[in-house]
Asks: 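This is the structure, below, for whatever I ask next.
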2 protein chains.
Amino acid sequence: MQPNLAISTVIFALRPDENGRNTLMIPLVKRIREPHLGKWALPGGPLVGNESLDEAAARNLRETTGLTPRYLEQLYSFGAPERSAGAAAERVVSIVYWALVGTDEADRAVESENVHWLAADCLPELAFDHNLIVEYALWRLRAKLNYSRVAHGFLGEEFTLAQLREVYEIVLGRPLDKGNFRRSVEASGAIIPTGRVVAGASNRPPALYTYDKTRSLADRGPLNKPSDY
Amino acid sequence: MQPNLAISTVIFALRPDENGRNTLMIPLVKRIREPHLGKWALPGGPLVGNESLDEAAARNLRETTGLTPRYLEQLYSFGAPERSAGAAAERVVSIVYWALVGTDEADRAVESENVHWLAADCLPELAFDHNLIVEYALWRLRAKLNYSRVAHGFLGEEFTLAQLREVYEIVLGRPLDKGNFRRSVEASGAIIPTGRVVAGASNRPPALYTYDKTRSLADRGPLNKPSDY
DNA sequence: AAAAGTTAGTGTCACGGTGACACTAAGTGC
DNA sequence: GCACTTAGTGTCACCGTGACACTAACTTTT
């Protein structure tokens, strides 16, 4: 008997928490049936139709949360038979993706009784093995932040270096030196000054940058596709 | 309609080629049915039963090639609908693993008309999208060599630094400085001198080492398991 | 209008990892 | 004892990076 195939996605965005501080958050859906009824779970659904895994993940993400990701990458496939934790339960293999959405986009997400953003670093007990999955996605995100440009997935078209640095500080959970951060980002060639500045604040106006769209957000070797920008 | 689920594995080993030079090789099986009849393909099979994905990969590897891997890790899941390249063909989603086996173990592998070792860097056209899969596995292997200890998966219990360096040189495809290699490997603490040496050659006898078995071959974050040693 | 405050952006120094390369050590074979 | 071969050590220059002090530009306050 073949196991069932599902696709789920760990979606990250930076959003203000109840104190107004930007926090790394994940949208979760409340389970409305057994098993694990009432617990929070990753958005997902069965794999059907004739689309690629990437397309299926993007579609499912749109349908369950209304979001369009700025970055989307396959994370891992989970298939331990005890996942469903019911003796008679049928086995499910989940192909899990992870995604980044900008703060602006995250605000457009459907939020209801059954869809809610929760802080990534203090989640309750989730359904199935979804705590482990989120932990792994977090690990991967933090690792990738250091050797790729995925941080831009959190930001809009134009951003200041302070905003980019804030992304790194929140995700990594530690402060970064202003000067050193600027140096390394500029050296990597990941950003392009737009020539414009943010005026109005009571300090020197910061310059605005864009990321280089001709380069992929992450080097995935042979799996790199033009859609990965 | 749910797609079919299969597990395949890219298996790497260092083996002497026709000229006696150690080469990075992959065991492939010849397809005995359509589609892609007659082409070489990665060893694999359907996912059945009640085992975890890791267990299924290990079992399948054993059944198709007779090999027991020293390292085994999930690579990626492939599910493009055009993979099977037949209009009426049913869709297959493959969860692909990659594995390392020692040269000694590789010699014990079943080799027949339909199972053959081929050099990883000059493969013919394989079945399905297996060329892409092998390319990606190679990319991952090379990347992991630089920030983990997976190289030990190619070697036996005891090895000299020259043997370890040879693994790196063959996989990366470029010569490495003897002294610098020793320095970095020793600094990483990955190896432990056994106190023994290889005598008999007409030169200074090289010291033998083992790798530290208390540490995992690769840091996989939350996915690290005791079985990863 | 000058001073204070705030954040943007620059400059400098020390240290650790690494590539290049020359050297010494310890065996065998002639 | 000398040549040869591979093992293993030592040294130097360079570069990326953390720590930290500085200057720049703007608003607000006095």
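A, B, ... follow the sequence lines: proteins, then strands. Residue 1 opens every chain.
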Asks: Counting side-chain heavy atoms from CB outward, which of dA20(C), dA7(D), dT27(D) is closest to Arg182(B)?
Replies: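 Selected nucleotide: dA7(D).
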Asks: Taking the side chain of Arg183(A) as heavy atoms from C-beta outward, which of dG9(C), dA20(C), dC13(C) is closest to it?
Replies: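 Shortest atom-to-atom distance from the side chain points to dC13(C).
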Asks: Taking the nucleotide of DNA chain C with the closest heavy atom to each, which residue, Thr160(A) or Ser184(B), is nearer the 5' end?
Replies: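 Residue closer to the 5' terminus by nearest nucleotide: Thr160(A).
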Asks: Over how many whole Å does the gap from Phe181(A) atom CZ to dT10(C) atom P extend?
Replies: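 Atom CZ in Phe181(A) sits about 14 Å away from atom P in dT10(C).
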Asks: Give the rounded distance in Å between these two atoms: NZ of Lys178(A) and C1' of dT12(C).
Replies: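 Spelled out: NZ on Lys178(A) to C1' on dT12(C) is 16 Å.
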Asks: Which whole-number value in Å describes the distance from Leu176(B) CG to dG8(D) P?
Replies: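 Answer to the nearest Å: 16 Å.
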Asks: For the side chain of Pro205(B), starting at C-beta, report the closest nucleotide among dT28(D), dG27(C), dG9(C).
Replies: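 Of the options given, the side chain of Pro205(B) lies nearest dG27(C).
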Asks: Could you walk me through whether Arg15(B) and Thr23(B) pass the side chain to side chain contact (heavy atoms under 4.5 Å, CB included) check?
Replies: CA-CA 5 Å; Arg15(B) 318 190 76 218; Thr23(B) 316; over 6 Å; no
Asks: Starting at the 5' end of DNA chain D and moving along, which residue's nearest nucleotide shows up first, Asn180(A) or Tyr209(B)?
Replies: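 Per heavy-atom nearest nucleotide, the more 5' residue is Tyr209(B).
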Asks: Over how many whole Å does the gap from Leu208(B) atom CG to dT6(D) atom P extend?
Replies: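 Taking CG of Leu208(B) and P of dT6(D), I get 17 Å after rounding.
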Asks: Can Glu55(A) and Arg59(A) be counted as an ion pair, charged N to O under 4.0 angstrom?
Replies: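 No, Glu55(A) and Arg59(A) are not salt-bridged.
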Asks: Choosing from dT7(C), dT5(D), dA20(C), which nucleotide comes nearest the side chain of Asn203(A)?
Replies: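 When the side chain of Asn203(A) is considered, dT7(C) is the closest of dT7(C), dT5(D), dA20(C).
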Asks: To the nearest angstrom, how far is Tyr168(B) atom OH from dT18(C) atom P?
Replies: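 Answer to the nearest Å: 12 Å.
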Asks: Is Ala199(A) touching bases, backbone alone, or none of the nucleic acid, heavy atoms closer than 4.0 Å?
Replies: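 Ala199(A): no heavy atom of the nucleic acid under 4.0 Å.
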Asks: From the options dT10(C), dG8(D), dT27(D), select the nucleotide whose nearest atom is closest to the side chain of Arg204(B).
Replies: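 The nucleotide sitting nearest to the side chain is dG8(D).
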Asks: Heavy-atom nearest nucleotide on DNA chain C for Ala162(A) versus Asp177(B): which residue maps closer to 5'?
Replies: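 Upstream on the strand: Ala162(A).
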Asks: Could you give the CD-to-C1' distance, from Glu166(A) to dA8(C), as a whole number of Å?
Replies: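 In whole Å, dA8(C) C1' and Glu166(A) CD are 16 Å from each other.
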Asks: Can you confirm whether or not the ring centre of Phe78(B) sits under 6.0 Å from the ring centre of Tyr76(B)?
Replies: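 That pair passes the under 6.0 Å test.
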Asks: To the nearest Å, how far apart are Gln163(B) CD and dG8(D) P?
Replies: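 Checked: the CD to P distance equals 11 Å.
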Asks: Tell me: OH of Tyr147(B) to C1' of dT18(C), nearest whole Å?
Replies: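 Tyr147(B) atom OH is separated from dT18(C) atom C1' by 20 Å.
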Asks: From the options Trp98(A), Phe12(A), Tyr97(A), Phe154(A), select the one residue that forms a ring pair (Phe, Tyr, Trp, His ring centres under 6.0 Å) with Tyr71(A).
Replies: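 So, applying the ring pair (Phe, Tyr, Trp, His ring centres under 6.0 Å) to Tyr71(A) and each of Trp98(A), Phe12(A), Tyr97(A), Phe154(A), only Trp98(A) qualifies.
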Asks: Kindly point out which of dA7(D), dA25(D), dG9(C) is positioned nearest to the side chain of Pro206(A)?
Replies: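 Among the listed nucleotides, the one closest to the side chain of Pro206(A) is dG9(C).
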Asks: Tell me whether Glu169(B) is salt-bridged to Arg174(B), with the criterion being a basic N under 4.0 Å from an acidic carboxylate O.
Replies: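 Here Glu169(B) does not pair with Arg174(B) in a salt bridge, since their nearest N and O are not under 4.0 Å apart.
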